[in-house]
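The block underneath contains the structure these notes are about, expressed in C-alpha cells.
Just so we're on the same page: letters track the sequence lines, and every chain starts at 1.
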Amino acid sequence: MSNGPILPLRLADVSFAAGGRTIIDRISLEIETGPSTIILGANGAGKSVLMRLMHGLLKPSSDRIDWYAPERPGAPRKQAMVFQRPVMLRRSAYANVAYALKIAGIPEPQRGALVRDSLESVGLSHLARRSARVLSGGEQQRLALARAWALHPEVLFLDEPTASLDPSATREIESVIKAFDAAGTKVVMATHNLGQARRLGDEILFINQGRLVERAPVEQFFSKPQSAQAAAFIKGELPWT
Amino acid sequence: MSEALSAALALLVGLDSRLVEIVLLSLRVSLSAVAIAALLGLPLGAAIAVSRFPGRQAVIVVLNALMGLPPVVVGLLVYLLLSRAGPLGALGILFTPSAMVFAQSILILPIVAALSRQAIEDAWREYEEQLRSLGAGRMSAALTLLWDTRFSLLTTILAGFGRAAAEVGAVMIVGGNIDGVTRVMTTTIALETSKGDLPLALGLGMILIAIVIAVNAAAHLTRELAQRRYG
C-alpha cells in the first residue's frame, strides 16, 4: 500500500443535516495518530453520523473534512469501519475476509495467508469454512474485525461494536480492539458505554446534541468533567456497565 | 369426461411419441427464452438497483408494468418485427421455434429484470455501507449483490419460466402452431380442445401443471436449503 499516512484527519466546522434536522452542528476537531479515541454520547447524540462523515459514507452539508493525505478513489482503503450490526456476505467466513482483500486489489496468491492470519487473530480459524451469516452475533462481529484486520488499516472506526452483544462476546471484541491498538492502528470508537470507554479509550470526545462538548484524556474526563452535560451523562450512566 | 381422462392417462403412461415431442419442444423454447431473459434481465435489474439517475422511478414503474404484458400483444409486435416486410424480416425466422424463443424472451425479460431489481435493491440497502466502506465501486457492488442474492434470483428466473411455459398467445401468433414444427403444449391444448380431442389436451394439461408445480417446489426447496445453509 503505497504513499504515506492519511492521518491526521481535520474537521473544520462540519455540519450535517437531514430532513431539515441538524444532526451534526459545527464540529471542528483533529484526529491524530496514536491514542485511541472514544466518541461518547447518548443515543441520538450524533456519534454514528459523525463517524460516517469521517469515514466518508456521508458527505457533510457544510464545510470540510480533510485527511492529511486523501485516499485515491479505487486505491486500497487505509481505513476500515466495523458497524453495530455486521453485514456478512452469503459465503464462508474465510470468503468474507478474502472478499475484502479482493476489493482492495490484493492479488489472489497473497490472500490466503492474510485471511488465515486475520481469522487466527480473532480466534475464528476453526469456523473458517462455516457460512458467515449463520455464525452467532459475537462471532460475526469478530469476523467483521478480522475483515478489517486483513487490510491492516491505519484507522479503524467502530460504531458501537458491542451494543447488541452479551458480556462474554463483548469481552472478546474488546480484546481484539486492544490488539488493533497495540498493533498501531488508530482506533476511533463510538459508544455510550462508560465502562467500555474507560477500558478501551485514551481520550474522550463527548458529543451532545450534535455538538462537540468536551475533549479530554479518559482519566480527566471521568474525574473532572468540564461541562455540566458531561457530568450529568457520567452520573446518569452509572453503574458502570 | 372420465373416458377422456383415462385416454389421457393412457397417453401419458404410454409416453405417446406425439405427446413427448410436443413437451420437449415446449421445454426447449421456454428454457431458451428464460436463459436469454436471465442473461439480459439480471444485469439490467442489478444496474437499476445500485444506480441513481434522473427518471429512475419512472423506469422502475414502467418495468413493473411491463411484467403484465399481454402475451398476444407481444406476439403481435414480434410478428410485425419478423414478418417478411418487417425490420427483422430478413432473418426469416417467423413460424419457427426461434421466433417463439424471441417472443417469450421479450415477454419474460421484464419479469426477470423487475423482480431481480427488487431483490437486489433490498440487499443493497442492507449491504451498501459495508461495501462502500470496503471501497467497492458500483460495478463490483452490483456483481457482489448478484451473487449474494443468487437464491432469490433463482426464484425470479423460475417465475419467468412458469410464465413462458404457460403462455399461449405469443407462441401461437409467431409460431403458427404448425404440427411437428412449432406446436407446443399450450397451443396444442387450445387446438385440441376446440377440435374436441380432449384426451391429448387433458394429458398435456396435466403435464403442464406438473411441470409448474415441480418448478415451484424446486424453487421453494432451494430457498429453504439455502436459508438453512447460508442464513
Checking heavy atoms, do the side chain of [X], its backbone, both or neither come under 4.5 Å from chain B?
{"X": "A/Arg130", "result": "neither"}
{"X": "A/Arg147", "result": "side chain"}
{"X": "A/Tyr99", "result": "side chain"}

query = Hey, what do you get for CG (A/Leu40) to OG1 (A/Thr191), rounding to the nearest 0.5 Å?
reply =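 Going from the CG atom of A/Leu40 to the OG1 atom of A/Thr191 covers 7.0 Å.
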
request  = Enter the distance from A/Glu32:CD to A/Lys186:NZ here, rounded to the nearest 0.5 Å.
outcome  =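 A/Glu32 CD to A/Lys186 NZ: 6.5 Å, rounded to 0.5 Å.
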
request  = Identify which part of B/Leu131 has an atom lying under 4.5 Å from any heavy atom of chain A, answering side chain, backbone, both or neither.
outcome  =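 When you check distances to chain A, only side chain atoms of B/Leu131 fall under 4.5 Å.
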
query = Between B/Arg150 and chain A, which part of the residue has a heavy atom less than 4.5 Å away: side chain, backbone, both or neither?
reply =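 The side chain, not the backbone.
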
message = Would A/Arg133 and B/Tyr230 count as a side-chain contact (heavy atoms from CB on, under 4.5 Å) here? Give the steps.
response = CA-CA 6 Å; A/Arg133 289 169 79 101; B/Tyr230 294 99; 5.8 Å; no

Under 3.5 Å: donor-acceptor pair, side chain of B/Ser26, backbone of B/Val184 =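 No, because the side chain of B/Ser26 does not come within donor-acceptor range (under 3.5 Å) of the backbone of B/Val184.
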
task = For chain A, find which of B/Gly135, B/Ala226, B/Ser133 contributes the most heavy-atom pairs closer than 4.5 angstrom.
result =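 Highest number of pairs under 4.5 Å: B/Ser133.
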
inquiry  = Can you tell whether the side chains of A/Lys178 and A/Asp181 come within less than 4.0 Å, N to carboxylate O?
reply    =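 A/Asp181 and A/Lys178: not salt-bridged.
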
Option in A/Ala148, A/Ala144, A/Ser131 with maximal non-hydrogen atom pairs under 4.5 Å from chain B =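 Between A/Ala148, A/Ala144, A/Ser131, the count favours A/Ser131.
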
inquiry  = So if I apply the side-chain contact (heavy atoms from CB on, under 4.5 Å) rule between B/Arg117 and each of B/Thr156, B/Asn64, B/Leu44, which one comes out positive?
reply    =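 So, applying the side-chain contact (heavy atoms from CB on, under 4.5 Å) to B/Arg117 and each of B/Thr156, B/Asn64, B/Leu44, only B/Asn64 qualifies.
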
